[in-house]
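Throughout, a chain's letter reflects where its sequence line sits, starting with A, and its residues are numbered from 1. What you see below is based on every heavy atom in this structure, not just the backbone, and it leaves out hydrogens, waters and symmetry mates.
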Protein chains: 2
Amino acid sequence: MRIIFLGTGSAMPSPRRSMPAVAIVRLGEVFLLDCGEGTQFRYRDEHLRYSRLRWLLISHLHGDHVLGLPGLLMSLQMSERTEPLEIVGPEGIREYVLANRRLLRTEFGYPLVFTELSGDGGVVYDGPEYVIEAGRLHHGVPTFGFAVAEKDRPGPFDVAAARALRVPEGPLWGQLQHLGHELVGVGDGLPGRVLAGDEARPGYRVAYVADTRPCANAAVLGRGADVLIHEATFAGDLLSEAKAKQHCTVTEAAQVGLSAGARRLVLTHFSSRYVDLGPLRREADEVFPGVELAADGLTISLGE
Amino acid sequence: MRIIFLGTGSAMPSPRRSMPAVAIVRLGEVFLLDCGEGTQFRYRDEHLRYSRLRWLLISHLHGDHVLGLPGLLMSLQMSERTEPLEIVGPEGIREYVLANRRLLRTEFGYPLVFTELSGDGGVVYDGPEYVIEAGRLHHGVPTFGFAVAEKDRPGPFDVAAARALRVPEGPLWGQLQHLGHELVGVGDGLPGRVLAGDEARPGYRVAYVADTRPCANAAVLGRGADVLIHEATFAGDLLSEAKAKQHCTVTEAAQVGLSAGARRLVLTHFSSRYVDLGPLRREADEVFPGVELAADGLTISLGE
């Protein structure tokens with residue numbers, strides 16, 4: 001898994017930071033978290049491929065998080081995409097996309113699959129390899145955070161044992177690793193763990209929380225996360241502005257990371273007023289030692 | 001007058017060219033011609049001020065020409081603009097802006113003044129200092145080109161004569177220059193031209209033609225223009241593609257410039273397939289010697 005920060009700014013454009021967007025790349029699939037104006041250019045700059053984009057997870061319908069969506073969808077169309085695209089977001093995301101399609105007289109030759117979130121969120125997708133969860137945040141308009149959680153993976157496959165047993169290399173190896181030799185009917189009488197990767201390795205969990213005041217769901221999404229990405233628009237001295245605009249200070253975001261027990265905490269969505277983030281880093285580090293502050297292009301690799 | 005090319009690409013984003021937009025700066029006022037995704041960032045990069053933006057002239061409602069509009073309007077709002085903003089474009093421009101405002105739950109604290117064009121176009125604005133004309137182009141969806149034409153300016157003011165006559169420096173000098181001494185009642189018996197700037201200097205005319213097949217209105221807008229900005233999406237060998245997509249080749253654009261009698265011709269809106277524009281320049285130069293090819297950031301100054 002790779003996490004690539006495409007844009008790390010907030011509502012007011014800054015020459016130093018692109019508009020909010022984060023890409024998670026997992027086994028060739030891309031999950032795009034938010035899509036501010038210009039995200040398609042940043043996506044291209046990071047050499048991500050349009051054909052790999054499977055999930056668009058949109059936190060809320062404020063301009064800085066969605067204005068890049070119509071242009072991205074049009075470029076996918078021009079790239080002759082045919083695979084379906086899953087778009088998840090709060091109620092209204094469907095109307096936003098379809099109204100722009102109609103007003104700009106565009107057609108899309110690939111299916112758009114919408115999931116509109118309501119209430120407190122919940123499990124958006126539960127597939128064989130990973131789960132996507134959504135949790136309602138606290139930002140005035142309906143806003144959701146997301147977690148992409150891999151399911152446990154089977155343990156390492158014992159190649160030497162397989163060769164000793166003359167198991168032919170190919171699809172059978174994968175079946176043995178995922179299902180165990182008893183189900184597959186190879187190596188009768190052997191203990192399961194000789195061939196099957198049955199010492200499960202835990203999958204990774206990445207959570208994305210933007211925009212919000214500190215709230216319980218932010219910690220729920222970030223619980224035990226390998227990486228919790230959390231908005232931190234203001235320094236602590238602007239707490240009253242953070243409250244008024246329903247954002248977090250870096251201290252508040254660090255406290256969420258701490259209470260969630262996240263392994264790594266990466267802050268993003270900084271107000272354009274900050275040029276030197278040193279003071280923000282020091283402030284957050286007092287609460288969550290080792291906290292990281294995102295910049296455009298920051299890439300985090302997990303298990304690669 | 002200054003013309004600044006903010007974006008010189010076409011529909012498919014290119015790492016070498018931003019999406020279409022051109023700014024004309026005249027006595028502190030900005031006319032923005034088209035507004036593709038990311039135009040607000042380019043506007044800022046060129047150190048143009050939001051408060052100076054008066055006219056948004058939109059050629060047509062294809063994504064690459066308007067997707068930057070909602071974000072720009074939101075940034076104007078965040079910059080606490082109060083002055084009205086004039087938005088001119090084909091029918092549907094008003095609904096596009098207002099639908100996005102509604103869907104993204106934004107308010108604008110400044111008045112938006114819409115002029116929706118229909119039919120063949122015509123005079124959009126006729127003020128004391130300049131005229132804005134629109135002309136229907138040929139691009140499938142309703143599309144208009146524009147000309148910004150300064151009115152003739154009074155001749156130079158005779159400062160020495162004014163001082164000899166003890167005309168007090170101040171507003172009276174301007175009145176004398178623009179109205180003549182007889183109307184103002186100074187320097188009785190003098191020939192008018194001693195003080196009044198009555199040897200008129202012609203104003204500048206800048207025309208913008210995108211997107212279109214070659215058409216009569218393109219030449220009408222560009223007639224005698226000091227600068228004609230014309231789309232030229234393809235090289236001549238892709239004439240059939242230009243016809244199918246209702247664009248121009250560089251040769252066709254150069255022929256329009258020639259038949260219009262434009263003083264300078266600047267081509268823009270190049271397909272993302274072209275990296276080296278040398279062959280396109282040579283092709284156009286055979287028809288319109290001295291033709292210029294725009295790049296992002298190209299700035300043309302008239303009379304400064």
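Proximity of B:Leu104 to A:Val66: side-chain heavy atoms (C-beta onward) are separated by under 4.5 Å at one or more points. Contact annotation: the side chain of A:Glu95 approaches that of B:Arg102 to within less than 4.5 Å [non-hydrogen atoms, C-beta and beyond].
Remark: B:Arg16 CZ is packed, more than 12 non-hydrogen atoms of other residues, nucleotides or ligands lying under 6.0 Å away. More than 12 non-hydrogen atoms from other residues, nucleotides or ligands lie less than 6.0 angstrom from CZ of B:Arg273.
For the atom pair B:Glu37 CD and A:Phe41 CZ, the distance stands at 4.0 Å (nearest 0.5 Å). In this structure, the separation between CE on B:Met78 and CG on A:Asp64 is 7.0 Å, given to the nearest 0.5 Å.
Only the side chain of B:Met74 has a heavy atom closer than 4.5 Å to any heavy atom of chain A. Within the 4.5 angstrom heavy-atom criterion, only backbone atoms of A:Thr39 (N, CA, C, O) approach chain B. Residue B:Ser14 touches chain A through its backbone alone, counting heavy-atom pairs closer than 4.5 Å. Neither the backbone nor the side chain of A:Thr106 has a heavy atom closer than 4.5 Å to any heavy atom of chain B.
Of the residues considered (B:Ala99, B:Ala11, B:Gly92), B:Ala11 shows the highest number of contacts with chain A, using heavy-atom pairs under 4.5 Å.
Pairing each heavy atom of A:Tyr96 with each of B:Asn100, the nearest pair is CE1-OD1, 3.3 Å. Considering all non-hydrogen atoms of both residues, A:Met12 and B:Ser75 come closest at CE-O, 4.0 Å. What you find for A:Leu67 and B:Pro70 is that their closest heavy atoms are CD2-CB, 3.8 Å.
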